[in-house]
Structures are given as structure tokens and as C-alpha cells.
Amino acid sequence: MKYLGVIGNPISHSLSPVIHNRALEAQGLDYTYLPFQVETKDLAKALLGFEALHVVGVNVTIPHKVGIISHLDQISEEAELIGAVNTIHYQNGEWIGYNTDGIGFLRSLREDGGVNPKGALILLLGAGGGARAVAVQLGLAGAKEIVIANRTLSKAENLAQELAEKIPETRYRAVGFTELELQAEMRKVEILINATPIGMASYYEEKSFPLKQEWIRSEQVVADLVYHPMDTPFLQMAAAAGATILTGDGMLLYQGVEAYRIWTGLEPPVELMRKVLVEKLTNENNNV
Ligand code: NAP
């Protein structure tokens, strides 16, 4: 028996254990996936414990995605560019870090949305951790231009400048989060992505975007990273404008699918994992 798991703090709301365990069981693999609440000061001890207990693959979530890096032996290209790790694998006596968040978004865009971002013009709302993963992965996938719109303009400017240097094949540009700027960008873009928490059930701040339905065109693809609820007001507006919409559960699903592949070397039963995830997300009592 080997073990997989997720570390974070808090960790009790994580949907990963039930999703991964159902997939492992369906494939008859001799692994169990467990949640571990770990304090930041205990990360090094946790890794040593994992080695002793045959915990060979672990998802890493808030607040450890950046702090874990200094404890690892190697990290992937994506993780290096994103500056955060969400999956670790113990192999040949070394801990290797990956970031499957951006890959998860890309796979959702391609497989659920039927869209290839190569050569695309993209407007990304937000410049936090989720936006960063998406901006890196879409750049690596050959997007032509990614415009980052953020409430705190300096954060968008710093991210755009950093990624323009690291991924020179893609043009990165920063704009403010204002009606004037968003309207101008909306005339040009093919893909619009929300990577702010606006629309999230538990979010206590602003509930609306400085963005109007009449600016959205039916040829556009509109994606939300927010997955609780799946049917956000942002996506409702985009659907009413006739755009193709992509819900945030796809990114969440595929980041887990990619982690599973890294650990087991197998493609998991994706549709079973999607069914379990969607069941959990639509359960009204579930406070994710
Ligand atoms: P984060 O690092 O805290 O970044 C939040 C971003 O949203 C920042 O750019 C922030 O702007 C902006 N923002 C927050 N409140 C705003 C408001 N009222 N008006 C305008 N902008 C606002 O958060 P994150 O980790 O990137 O997560 C963002 C959302 O994506 C969350 O809902 C999260 O659940 C979701 N997410 C989903 C997945 C998935 O797998 N589907 C993965 C990652 C994240 P400032 O810089 O001005 O503060």
C-alpha cells in the first residue's frame, strides 16, 4: 500500500480525497489519498514523515504553494515560471515539484471548450495566483497576446513585464480594471477569463464586474476560474450574450487529473472524477 494526499491549512473542505479515492478504486490501484493539515513551520518535517510512511504523491494547497519550493530537489518548467507548486512526487529519493493548475486550465479550454489558444488574443481579469498560472500556461501554449487587467494596476504591470521577459513569444500587456479599458480590449479579444474571486459564493467584497453584456460577442469564449458556484453571474451574462462558456470546475478537475498521471503514470477515469466533483460542487450543503 502506498499513500497520496493533500497538504494545506485548513484542509477539511478539500474535495480532492473523495475524487482521487474514487478514481484509484475504479482503477484497482493500491493507493489511498488522505488530507493532511500542516503548519508552515512543519513543512520539512512533513516531507520526512511522508518518506517514512510511503506517501509518494501530494497536492499542495493554500498556504504552502510557494513555501514548499525551498524544500524540494527539483521543480518543473511550469512551476518555475509560475513560482508556485501544487503537486509533488517522491521519486528515486527526490521530491519533484509540479504546477498542474495552468495545465488544468489549458486542458479544460481544449477539451471542454474545443479551443486551441495558439495565436489567440486573450483578456485575463486578475493578477493573483490563479491568473499567473493561466497566463504562464497560455503563453507556453502559444497565445499571441495576453492582456492582464487588474484592480491594483502595478500588480498587473509587474506580472506582464516578468512574463514578457520569460516567455518572449507571447505579448503581455497590463491595463486597469475600469470600464473604459475593458471595453476597448473586449473589441479585440477572442478569449475572456475571470481569475478574480468576484462571483464566488464565499466572497464578501464586490459582486459585479466593470463589464457590460453588450460588449461580449457570440464568437468569444468566456471562462471563469470560480467554481463555487459553477454557474456564476459572469458566465450567465456571457451565455446570455451567446458566447461559449467554460465553468471553473474544468480547471479544478484537470489539475487533479494531471497530478494523478504524474503519480501513477496512468490517465485516470476522467468522467468518473468529473461526476464526483460536480456532485460535490452542486451539493448545497457543501461549503467549499
Ligand atoms: P488571489 O491570488 O487572491 O488573487 C485575486 C485577484 O483578484 C487579484 O488580482 C485581485 O486584485 C483580484 N480581485 C479580488 N477582489 C477583487 C475585486 N473586488 N475587484 C477586482 N479585482 C479583485 O486569488 P487566486 O488564488 O488567484 O483565486 C482567484 C479565484 O480563482 C478564486 O475564486 C479561486 O477559487 C479561483 N481559482 C480557481 C481555480 C480552479 O481550479 N478552478 C484555481 C485557482 C484559483 P488585487 O491585486 O487588486 O487585489
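Just so it is clear, the model here is predicted, and its values are computed rather than measured. We count ligands from 1, going down the list as the structure has it; atoms in each ligand are counted the same way.
- Which parts of ligand 1 touch Thr152 is read off a 4.0 Å heavy-atom cut-off, strictly below it: atoms 45 (P), 46 (O), 47 (O).
- In Arg151, the parts holding a heavy atom less than 4.0 Å from any atom of ligand 1 are both the side chain and the backbone.
- In this structure the side chain of Val270 reaches within 4.5 angstrom of the side chain of Tyr254, judged on heavy atoms.
- Of the listed residues (Ala201, Gly256, Pro197, Ala133), the one carrying the non-hydrogen atom nearest atom 5 (C) of ligand 1 is Pro197.
- Taking only nitrogen or oxygen atoms, main chain and side chain alike, Gly130 reaches within less than 3.5 Å of ligand 1.
- The heavy atom nearest to atom 35 (C) of ligand 1, out of those in Ile62, Leu225, Leu252, Val134, is found in Leu225.
- The residues Glu162 and Arg132 are annotated as salt-bridged, a charged nitrogen and a carboxylate oxygen being separated by less than 4.0 angstrom.
- In terms of polar-atom proximity, Gln255 is not counted as a contact of ligand 1, lacking any N or O under 3.5 Å from an N or O of the ligand.
- Within the 3.5 Å criterion, the main-chain N or O of Val189 finds a donor-acceptor partner in the side chain of Arg217.
- Residue contact check: Gly248 has heavy atoms under 4.0 Å from atoms 41 (N) of ligand 1.
- Contact record, Leu182 with Gly176: CD2-O, 4.3 Å, taken as the closest heavy-atom pair.
- Residue Lys155 approaches ligand 1 through these ligand atoms, each under 4.0 Å from one of its heavy atoms: 46 (O).
- When only interatomic distances are considered, the shortest N/O to N/O separation between Ile198 and ligand 1 does not fall below 3.5 Å.
- Counting heavy atoms under 4.0 Å from ligand 1, residue Ala195 touches it through the backbone alone.
- Residue contacts with ligand 1, taken as heavy atom pairs separated by less than 4.0 Å, do not involve Phe105 at all.
- Taking every non-hydrogen atom of Ala127 and a distance limit under 4.0 Å, the qualifying atoms of ligand 1 come out as 9 (O).
- Connection of Leu15 to Leu34 is not established within any shared hydrophobic cluster, with ILVMFWY side chains joined at heavy-atom distances below 4.5 Å, either directly or through further cluster members.
- A salt bridge is absent between Glu271 and Lys275; no separation between the charged side-chain nitrogens and carboxylate oxygens falls under 4.0 Å.
- At a heavy-atom distance under 4.0 Å, only side-chain atoms of Asn150, from C-beta outward, approach ligand 1.
- Taking the charged nitrogens against the carboxylate oxygens, Arg261 and Glu258 do have a contact shorter than 4.0 Å, which makes a salt bridge.
- Residue contacts with ligand 1 for Met251 involve both N, CA, C or O and side-chain atoms from C-beta outward (heavy atoms, distance under 4.0 Å).
- With respect to Glu111 and Arg274, no salt bridge is recorded, no charged nitrogen being found less than 4.0 Å from a carboxylate O.
- Glu214 has no carboxylate O lying under 4.0 Å from a charged side-chain N of Lys212, or vice versa, which leaves the two without a salt bridge.
- Considering backbone and side-chain N/O of Met200, none are found under 3.5 Å from N/O of ligand 1.
- For Phe50 and Tyr90, the ring centers sit 6.0 Å or farther from each other.
- Nearest residue to atom 29 (C) of ligand 1 from Asp249, Leu159, Thr196, Thr61 is Thr196 (criterion: closest heavy atom).
- Under 4.0 Å is where a charged nitrogen must lie from a carboxylate oxygen, and between Glu145 and Lys188 no such pair does.
- In summary, of the residues considered (Glu157, Glu185, Gln161), a side chain to side chain donor-acceptor pair (under 3.5 Å) with Arg173 occurs for Glu185 alone.
- Residue Val226 places no N or O, backbone or side chain, under 3.5 Å from any N or O of ligand 1.
- Heavy-atom proximity to Gly126, at under 4.0 Å, picks out these atoms of ligand 1: 9 (O).
- Considering backbone and side-chain N/O atoms, Tyr227 never comes within less than 3.5 Å of an N/O atom of ligand 1.
- Considering backbone and side-chain atoms alike, Asp101 places every N or O at 3.5 Å or more from each N or O of ligand 1.
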